[in-house]
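Working notes, beginning with the structure itself.
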Amino acid sequence: MPSTAAGAAVRPGGRRLIDWQDVAVKIALPVSAMLLALLIGAVLLLLLKVNPLEAYAAMVRGVFGSTFGFTQSLVKATPLLLVGLGICIAFRARVINIGGEGQIIAGALMTTWFTLQFRDWPGWLLTPVTLLLGFLAGAFWGFIPGVLKARLQVNEILSTVMMNAIALQFMNFLLRGPLMDPEGVRLGTYLPQSEQLPQQVWLGRLVPQTLLHTGLILAVVLAVAVYIFLWRTTIGYRIRAVGYNPDAARYAGINVPFYQAMSLTLAGGFAGLAGAVEVIGVQHRLLEGITSGYGFSGIVTALFGGLHPLGTIPASWLFGSLLVGADMMQRAVQVPSALVDTLLGLIVLFVVSTNMLSRRWSRWRAARRVQSKSAEAPALAPALSASSTQEVN
Amino acid sequence: MKPRVLFVALAILSVLVAACAGPAPQASQPAKPLRVAVIMPSATTDYAFSQSMWSALKKVQEEMGGESKMELKYSENMFKVPDAAAAIRDYASQGFDIVIAHGSQYVASAGEIAKDFPNVTFVWGTDVKTFDLPNVYAYTPAAEEGGYVQGVMAAMMTKNGLIGITGPVEVGDAKAYVNGFEQGVKAVNPNIKINKTWTGSFSDVALMTEAAKTHIAAGADVLTGSSQSAVGSINAAKEKGDVLWFGLQSDQAPLAPKNVVSCVVYDWAPMLKEVIAARQAGQPGGKVFVLRLKDGGLKVVMNPEVAVPAEVKKAAEEAVEGIQNGTIKVTP
Amino acid sequence: MDDILSVAALVGILTSAVRLATPYLYAAIGEAFGQLSGVVNLGVDGIMLVGAFMAIFVALGTGSLWLGVLVAIVAGLLMGLLMSVISVTLKAEQGISGIGLYMFGLGLSSLLFKVLFGTVKTIVGFQPVKIPILGDIPIIGPVLFQQSVLVYGAFLLVPLAWWILEKTTWGLRIKAVGQNPAAADSLGVNVNRVRYASVCLGSALAGLAGASLSLAMVNLFQENLTAGMGFIAVALVYFGSWRPAGILFGALLFSTVNALQLWMQVLGVKIPADAAVMLPYLLTIVVLALTVSRVRGPAALNRPFERGEA
């Protein structure tokens with residue numbers, strides 16, 4: 001009988017729709033980890049002879065004190081959410097996707113190429129088609145390590161890392177050759193950037209003078225869709241079953257490698273879509289550094305969100321704010337940009353370290369529930385625990 | 001147990017928020033200083049492209065009377081264009097008077113931003129495009145001119161008749177410089193052999209070092225090149241001992257005082273002063289600056305610690321003069 | 001084109017290749033120890049950066065290159081300890097904590113560089129030492145026996161690592177813990193302690209890899225000096241199927257392709273540089289797909305151990 005993961009809300013036959021206590025703990029854990037990291041960051045700031053309070057105030061002001069900062073945090077949240085959704089799906093099937101960077105590039109490349117090829121198409125047709133193709137290109141880039149894992153048991157961490165390198169080099173090659181802006185060739189600047197994409201394909205701006213675009217709405221809608229997919233469809237149920245206990249799933253007749261490959265493919269698709277959205281929503285052209293590291297930070301975002309599609313919505317905004325705020329702080333108090341990397345690294349390390357606590361909490365709850373209501377089957381532990389521990393009976 | 005964790009977290013959060021709300025900024029002075037921001041692709045201390053702009057800005061700030069007259073903010077290591085574009089937009093929306101996008105890779109993105117902020121003066125380079133926007137100045141160094149002069153010197157100073165060029169990526173001023181350099185060498189002696197490598201990266205020092213070592217192993221005794229990874233080449237020349245180096249962008253002599261013969265240095269200060277004066281005179285943009293030997297924006301700075309034969313010096317001076325008065329034509 | 005076949009060019013290519021392979025060898029063999037015990041450490045690049053900076057900082061400050069190497073190793077060890085605490089004790093997802101460690105190392109090394117150096121500083125690093133007699137052999141002599149001490153160290157590490165992994169109880173324990181932690185545990189092996197030791201050893205070697213870069217190869221430090229070498233080292237472990245000899249082969253193949261590409265440019269052979277740079281990666285993925293059905297990695301890779309769960 002399909003039960004639901006702890007943070008997730010709807011229990012068949014259960015009374016409460018949302019388990020608020022559980023949600024609170026799931027939020028408190030990563031947030032306090034983040035604060036702890038910021039505390040260490042404060043020490044670093046002191047060593048740099050910068051008042052940490054002033055610096056962090058600049059960080060908060062940067063995000064909440066101006067239209068630009070606030071919208072920018074949402075602009076960053078959009079790709080983070082999309083990548084994070086893919087990470088959620090993959091994690092639920094006990095697959096970790098480190099290949100977001102490469103998949104973003106695959107999506108961005110496809111979108112750029114296609115748009116430039118069919119630049120005469122009207123926007124209402126070109127935009128959705130090009131987004132779909134971006135999704136498919138990313139999916140293809142996730143499909144390869146997925147199949148390698150399913151057929152040959154290739155560890156997906158390593159293969160996705162390598163797929164990243166290949167995509168990056170391939171993009172660099174195209175940007176210095178076939179995709180290079182002909183204007184740049186004519187003027188002799190030879191910049192590794194593509195031509196600007198035709199205006200009709202651009203995503204609409206939600207706030208003038210800022211970069212906030214309609215991709216945000218798309219991402220939020222998709223988050224809900226992924227939630228429904230994972231918790232309300234048979235395929236979603238099977239994906240979660242694979243992640244919860246592969247051996248039991250196999251015993252139940254579920255084709256485990258197939259669903260793992262599929263989840264990696266879907267994860268790649270969402271990252272590819274993030275790339276497509278970045279290209280037609282923000283940059284309006286393909287250029288080096290198009291990923292902005294979203295393939296990696298998207299993983300952290302998903303973790304922040306408890307690896308739940310709906311939790312990833314606020315998490316992406318939180319992490320987007322963090323990225324924007326850190327940049328704003330760097331500009332406001334003029335500390336070396338390296339501090340931002342250090343700080344983000346610490347946050348990742350601290351947040352990921354709370355995994356076990358969150359897992360223990362879920363287990364403790366599950367145990368208590370079994371005690372109190374022995375009739376109900378124990379709730380599924382969140383997929384993260386399943387993905388990182390060997391839970392074979 | 002768990003509510004307590006939550007409380008602690010919330011307590012920390014509220015303290016932080018309170019602390020942030022506390023110290024209010026904006027201690028505005030009576031006379032508003034000119035607000036200038038610069039976005040650079042590498043570090044302010046890269047001995048190359050970014051350092052050249054940063055030292056020029058510091059110089060201008062000093063001449064204008066320090067921080068009270070000119071506020072100067074920077075974002076360095078913005079090698080990712082999307083991040084740089086966000087920084088440019090941020091500075092513009094904060095009301096900076098002049099925003100300098102120092103990197104040709106930023107120009108396309110900055111062009112979109114400049115349209116949104118007509119009251120801000122955007123200065124960008126290296127490029128010659130202003131997209132016909134009234135609030136934009138563009139700049140580009142005629143790196144090929146300096147390259148030519150150094151090519152002349154290099155051709156006269158190589159004993160093996162073999163010169164190595166360690167380039168980063170075949171674009172922009174790196175490419176123009178190399179083209180000029182080759183023309184200078186050929187003008188002196190068309191039989192001198194020039195070997196070229198491109199590492200495909202502006203920042204991969206290890207590969208750049210190996211490229212320089214490869215040139216040396218192949219018999220080159222004079223090297224030249226550009227980008228922030230050029231420090232690797234310079235150090236390879238220094239370690240070999242008798243290999244000479246010709247630099248670009250900033251004065252690199254401190255890195256290898258016995259090997260760096262001369263450097264083509266970009267002096268952005270005159271251009272910056274003109275931009276500031278024009279803006280204050282009510283002209284927010286509309287000009288393309290080309291740094292040339294003629295107007296002092298481009299300089300060939302000799303390193304006094306390396307003995308340069310008199311006839312080489314003379315040939316270099318003649319080359320400079322020829323380019324200045326137009327008798328020598330160098331194509332980028 | 002026939003220039004490239006000359007003896008001088010051949011010696012040049014191979015000498016470059018051996019030199020370029022050095023940091024990869026230290027880092028990849030170190031990473032192999034961690035992975036064999038069941039821990040993937042994607043933070044190698046960050047550790048290398050911190051090692052590279054600490055090495056040159058201490059060497060310049062004290063005038064002793066060896067002290068610099070030692071401090072780089074210790075710095076790597078400490079970062080390995082951090083990785084172990086997070087991924088072994090706290091059982092965090094290894095792929096993510098590795099990325100976190102990378103970002104932390106990248107930031108920290110740049111920050112230290114900014115604060116303590118401020119600008120690029122160079123050092124007179126380890127000089128090539130010619131080994132008597134062997135160094136005079138044509139071709140092989142200059143390629144293999146006229147290199148710096150840290151290069152010799154990297155190549156001696158290969159048989160040493162093989163010996164440890166294949167012939168000592170410690171090596172067997174590492175592999176047992178990576179293959180079947182529950183079985184190892186029931187035989188009285190302290191799984192987590194073995195993993196701590198392996199990750200710390202691997203990270204110490206990554207620190208040494210950084211030192212070999214800043215003290216024996218480029219002899220300077222700059223922000224992000226490694227430019228992603230650590231990630232390639234991780235790939236090389238896979239390429240070499242967790243065997244030191246395989247890693248040696250992969251590292252040499254990778255560095256030879258790089259050296260060859262530079263020499264082809266110097267000698268005027270027309271190839272697009274970007275296509276050449278992509279070649280090693282493509283090669284790796286093809287070899288990966290071909291070898292992987294034969295060679296199985298550590299079964300418990302990326303899985304924290306919890307007693308009573310397996």
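All chains are named by letter (A, B, ...) in the order of the sequence lines, taking the proteins before the strands, and each is independently numbered beginning at 1. Only this structure's heavy atoms are used, side chains among them; waters, hydrogens and symmetry mates stay out. Only a predicted model underlies this, so the values are computations on that prediction, with no experimental measurement involved.
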Heavy-atom distance under 4.5 Å to chain C: side chain of [X], backbone, both or neither?
X: B/Thr209; result: side chain
X: B/Lys213; result: side chain
X: B/Gln252; result: neither
X: B/Glu239; result: side chain
X: B/Leu255; result: both

### Task
Could you tell me which of B/Lys238, B/Gln51, B/Met208, B/Gln228 has the largest number of non-hydrogen atom pairs under 4.5 Å with chain C?
B/Gln228

### Qualifying residue for side chain to side chain contact (heavy atoms under 4.5 Å, CB included) with B/Thr197, from C/Met264, C/Gln265, C/Gln261
C/Gln265

For [X], does the [atom1] atom have more than 12 heavy-atom neighbours from other residues, nucleotides or ligands under 6.0 Å away?
X: C/Phe249; atom1: CZ; answer: no
X: B/Lys186; atom1: NZ; answer: yes
X: C/Ile140; atom1: CD1; answer: no
X: B/Lys73; atom1: NZ; answer: yes

#### Entry: Residues B/Asn77 and C/Glu223: side-chain donor-acceptor under 3.5 angstrom
yes

Name the option with the most non-hydrogen atom pairs under 4.5 Å to chain B; the candidates are [options].
options: C/Leu20, C/Leu213, C/Leu225; value: C/Leu20
options: C/Gly118, C/Ala8, C/Ala259; value: C/Gly118
options: C/Ser16, C/Ala227, C/Gly12; value: C/Ser16

### Query
So do the side chains of C/Leu262 and B/Leu207 get within less than 4.5 Å of each other, counting heavy atoms only?
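They are in contact (side-chain heavy atoms under 4.5 Å apart), so the answer is yes.
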
### Query
Are C/Lys114 and B/Thr44 close enough, and set up right, to give a side chain to side chain contact (heavy atoms under 4.5 Å, CB included), and what steps lead you there?
CA-CA 10 Å; C/Lys114 282 270 172 203; B/Thr44 54; 4.2 Å; yes

### Task
Could you tell me whether a side-chain N or O of B/Asn235 sits under 3.5 Å from a main-chain N or O of C/Asn219, the two making a donor and an acceptor?
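At least one qualifying donor-acceptor pair exists.
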
### Part of C/Lys121 lying under 4.5 Å from any heavy atom of chain B
neither

### Summary
B/Ala217 and C/Trp263 have their tightest heavy-atom pair at CB-CZ2, 3.9 Å

